[in-house]
Participant: 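One structure coming up, written as structure tokens, with questions to follow.
Order of listing sets the numbers, starting from 1, for every ligand and every atom in it.
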Amino acid sequence: MPTSIVNQIAIAYTDIGNGFPLLLIHGFPLSRKTWEPQVIYLSMWMRVIAPDLRGHGETQAPLIPFRINDMALDMLSLFDALGIEKAIVCGLSMGGYVSLALYKLAPKRVKALILANTKAGTDSLERRAGRYAMIERIQKEGMEALAEEQLPTFFYAHDTSAELNSQIRAIIRANSCKGAMECLRAMAIRPSSINLLPNIQVPTLIIASPEDQAIPVSESYSMHREIPRAKIVLINNAGHLVNLERASEFSAAVLDFVQFVLR
Ligand code: MLT
């Protein structure tokens with residue numbers, strides 16, 4: 001497993017394929033394993049980099065609290081370590097929060113953005129309270145409590161997705177409690193990126209699944225309205241993890257957009 005020490009953390013990542021780099025940033029509380037279908041397919045066409053965010057997968061959780069911005073800084077340090085000047089940045093859900101933070105920090109290093117099942121605004125008060133309640137539950141019950149809460153929103157076809165459910169449960173349970181608790185805090189206090197949207201100067205693809213229970217499709221429509229030159233692709237019959245449940249449609253939408261950006 002390749003790792004790179006960035007910001008005193010050993011970041012684990014997959015780096016495969018040749019050509020223009022595409023960075024895939026996973027959601028919470030997952031890992032780069034959730035990009036497997038895209039890594040396999042898209043690396044036939046381009047260089048694909050899929051890191052484990054801090055506190056997830058095989059990347060360490062730092063001892064001190066962190067913010068979404070720190071995850072974006074990790075991504076930029078990884079670019080430096082891998083000799084990447086500019087990449088197409090694709091983030092799903094929390095990965096989208098990190099992608100927007102990365103763009104805010106270093107717009108010149110982003111060739112294009114792909115924002116999948118994510119939003120630009122902050123948490124509602126209720127959502128924030130739910131995150132703090134979950135931190136307490138993780139302290140008492142461990143990662144299974146988090147898996148129980150998150151899994152029902154991840155897939156649309158509950159009956160046909162048993163295999164995916166058990167793979168994702170294993171990914172969640174393998175993550176560290178500390179990493180998950182810090183991430184919940186980081187998401188609860190994340191700043192809004194709404195003011196950034198009209199200033200995004202790069203081609204942007206928004207991917208949304210209308211049946212997603214975790215992030216309402218209205219969030220995607222409002223990003224589409226606010227970001228100049230944004231395109232939107234809707235993928236039906238998918239839950240929150242649209243890239244897994246509708247893997248080939250998702251990968252095809254990304255490839256189509258990448259070819260448009262690089263043409
Ligand atoms: C994710 O999938 O990354 C999370 O659902 C994002 C969130 O909890 O806001």
Side-chain angles (χ1 to χ4, degrees), residues 23-35 38 50-57 59 61 66-72 74-75 89-102 114-138 143 145-156 161 164-165 167-169 171-173 175-177 179-194 206-209 211-220 222-223 235 238-246 250:
L23 177 72
L24 298 174
I25 311 180
H26 64 77
F28 173 83
L30 304 168
S31 78
R32 71 192 200 277
K33 281 188 187 161
T34 53
W35 289 120
Q38 285 69 44
D52 282 338
L53 291 170
R54 48 169 74 197
H56 295 77
T59 294
F66 56 84
R67 295 178 179 229
I68 295 291
N69 220 39
D70 295 308
M71 294 177 164
D74 291 345
M75 298 300 99
V89 176
C90 169
L92 184 133
S93 199
M94 183 182 74
Y97 312 157
V98 177
S99 303
L100 287 167
L102 190 160
I114 302 171
L115 301 170
N117 293 38
T118 192
K119 60 186 267 193
T122 53
D123 282 351
S124 63
L125 290 178
E126 191 189 357
R127 184 89 177 109
R128 201 168 291 155
R131 296 203 197 273
Y132 289 114
M134 180 47 71
I135 292 172
E136 284 182 22
R137 277 192 69 193
I138 295 174
M143 291 299 278
L146 188 54
E148 284 304 319
E149 185 181 89
Q150 301 271 140
L151 272 166
T153 65
F154 279 169
F155 302 109
Y156 171 71
S161 57
L164 279 175
N165 259 303
Q167 284 169 16
I168 296 300
R169 185 183 292 278
I171 289 174
I172 296 175
R173 292 182 65 153
N175 280 339
S176 78
C177 292
M181 292 189 295
E182 286 306 337
C183 248
L184 284 162
R185 278 191 200 99
M187 287 193 284
I189 58 168
R190 74 184 189 280
S192 170
S193 293
I194 288 176
I206 292 157
I207 300 180
S209 19
E211 288 92 2
D212 183 356
Q213 302 286 316
I215 306 247
V217 70
S218 55
E219 299 285 355
S220 304
S222 65
M223 288 195 297
I235 300 183
H240 191 49
L241 299 190
V242 54
N243 70 303
L244 284 172
E245 195 164 22
R246 289 275 168 267
F250 187 96

Participant: Going from CG on L244 to CG on L30, what distance comes out if it is rounded to the nearest 0.5 angstrom?
Facilitator: 8.5 Å

Participant: Would you find a donor on one side and an acceptor on the other, under 3.5 Å apart, between the side chain of Q38 and the backbone of N243?
Facilitator: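 Side chain of Q38 to backbone of N243, a donor-acceptor pair under 3.5 Å: yes, one is there.
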
Participant: Identify all N/O pairs between ligand 1 and the protein with a separation under 3.5 Å and present them as a table of atom names and distances.
Facilitator:
{"residue": "ligand 1", "atom": "2 (O)", "partner": "F28", "partner atom": "O", "Å": "3.3"}
{"residue": "ligand 1", "atom": "2 (O)", "partner": "S93", "partner atom": "OG", "Å": "2.9"}
{"residue": "ligand 1", "atom": "2 (O)", "partner": "H240", "partner atom": "NE2", "Å": "2.8"}
{"residue": "ligand 1", "atom": "3 (O)", "partner": "F28", "partner atom": "N", "Å": "2.7"}
{"residue": "ligand 1", "atom": "3 (O)", "partner": "S93", "partner atom": "OG", "Å": "3.0"}
{"residue": "ligand 1", "atom": "3 (O)", "partner": "M94", "partner atom": "N", "Å": "2.8"}
{"residue": "ligand 1", "atom": "5 (O)", "partner": "H240", "partner atom": "NE2", "Å": "3.4"}
{"residue": "ligand 1", "atom": "8 (O)", "partner": "R127", "partner atom": "NH2", "Å": "2.8"}
{"residue": "ligand 1", "atom": "8 (O)", "partner": "R131", "partner atom": "NH1", "Å": "2.9"}
{"residue": "ligand 1", "atom": "8 (O)", "partner": "R131", "partner atom": "NH2", "Å": "3.4"}
{"residue": "ligand 1", "atom": "9 (O)", "partner": "Y97", "partner atom": "OH", "Å": "2.5"}
{"residue": "ligand 1", "atom": "9 (O)", "partner": "R131", "partner atom": "NH2", "Å": "2.7"}

Participant: With a 4.0 Å cut-off, would you call D52 and K33 a salt bridge?
Facilitator: no

Participant: Scan for side-chain hydrogen bond (donor to acceptor under 3.5 Å, both in side chains) pairs involving residues 145-154, sequence neighbours excluded, and state none if there are none.
Facilitator: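 Every side-chain hydrogen bond (donor to acceptor under 3.5 Å, both in side chains) pair that includes a residue of residues 145-154, provided the two are not neighbours, is E148-R169.
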
Participant: How close do I68 and A101 get, counting heavy atoms only, and between which atoms?
Facilitator: CG2-CB, 4.1 Å

Participant: L23 and P51: which non-hydrogen atoms are nearest, and at how many Å?
Facilitator: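 Nearest pair, atom of L23 first, then P51: CD1-CD, 3.7 Å.
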
